[in-house]
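This chain uses plain numbering: 1 for the first residue, then up along the sequence.
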Amino acid sequence: PPATSAGVTQSAPAPQPPAPSPESHSTAKPAPEPSRASQPPEVRTPIDRLHLATIAAEERGDIVGLRRLRVTWKDFMAKMGVGPDRARARREYADCLWAIQTLTGRRADQKDALVAYREYILSAPAGGADSRSVSRLRQLEDALSERH
């Protein structure tokens with residue numbers, strides 16, 4: 001309990017984390033800077049807003065919200081021209097479908113996600129496909145081939 005003095009509540013000082021040992025220093029990852037970790041992600045474009053909405057819906061397990069975002073991503077991609085945002089939008093769309101199939105486990109949702117990841121990887125600029133997307137593509141291929 002906090003100590004009181006003349007009616008003023010004082011709290012105990014916050015405990016400090018132990019200093020890393022020399023052995024763990026080489027394998028320990030540096031902690032993120034507090035100022036960056038506490039700042040919300042910067043939203044500059046519509047694609048940023050859609051990305052954050054997709055992440056939030058996935059974290060909440062909001063399948064209805066994710067299905068609405070799927071339509072929004074598809075419309076967004078249809079209106080886009082060429083450029084780096086087009087590849088990002090394809091990946092974000094595939095990630096939205098990944099979140100949907102993760103929540104539902106339905107074969108049809110897995111197929112949709114698989115097709116979206118294939119389209120993203122095939123249309124990405126040289127070296128533009130990230131390893132996470134390739135890994136998800138392989139997982140979906142394996143899951144769908146196991147059910148035959």
key: Note, Lys111 side chain near Leu144 side chain (heavy atom, < 4.5 Å)   = yes
message = Please report the interatomic distance CD(Gln101) to SG(Cys96), rounded to the nearest 0.5 Å.
response = 11.5 Å
query = If you measure from OG on Ser145 to CG on Asp142, what distance do you get to the nearest 0.5 Å?
reply = 5.5 Å
query = Tracing side-chain links under 4.5 Å among I, L, V, M, F, W and Y, which residues wind up in one group with Trp73?
reply = Ile47, Leu50, Ile63, Val64, Leu66, Leu69, Phe76, Met77, Met80, Tyr93, Leu97, Ile100, Leu103
message = I need the Gln110 CD to Arg107 CZ distance, nearest 0.5 Å.
response = 7.5 Å
remark   = The complete set of salt bridge (Lys or Arg N to Asp or Glu O under 4.0 Å) pairs with one or both residues in residues 48-61, sequence neighbours excluded, reads Asp48-Arg88, Arg60-Asp62
key: Qualifying residues under side-chain hydrogen bond (donor to acceptor under 3.5 Å, both in side chains), relative to Ser135, sequence neighbours excluded   = Gln139
query = What residues form a salt bridge (Lys or Arg N to Asp or Glu O under 4.0 Å) with Glu119, not counting sequence neighbours?
reply = Arg90
Salt-bridge criterion met for Arg136 and Glu141 (N-O under 4.0 Å) = no
query = What's the verdict on side-chain contact (heavy atoms from CB on, under 4.5 Å) for His51 and Arg91, showing C-alpha distance, side-chain angles and the deciding distance?
reply = CA-CA 10 Å; His51 168 74; Arg91 186 191 68 230; 6.0 Å; no
task = Kindly state each residue pair satisfying salt bridge (Lys or Arg N to Asp or Glu O under 4.0 Å) with at least one member in residues 64-83, sequence neighbours excluded.
result = Arg67-Asp109
query = Which pair of non-hydrogen atoms, one from Ala57 and one from Gly65, has the smallest distance, and what is that distance?
reply = CB-C, 4.5 Å
message = Going by the rule side chain to side chain contact (heavy atoms under 4.5 Å, CB included), which residues pair with Ile121 if we only count those two or more places apart in sequence or in a different chain?
response = Ala129, Val134, Leu137
request  = State, yes or no, whether a side-chain contact exists between Leu114 and Trp98 at a heavy-atom distance under 4.5 Å.
outcome  = no
key: Distance, nearest 0.5 Å, that separates OH of Tyr120 from CZ of Arg86   = 13.5 Å
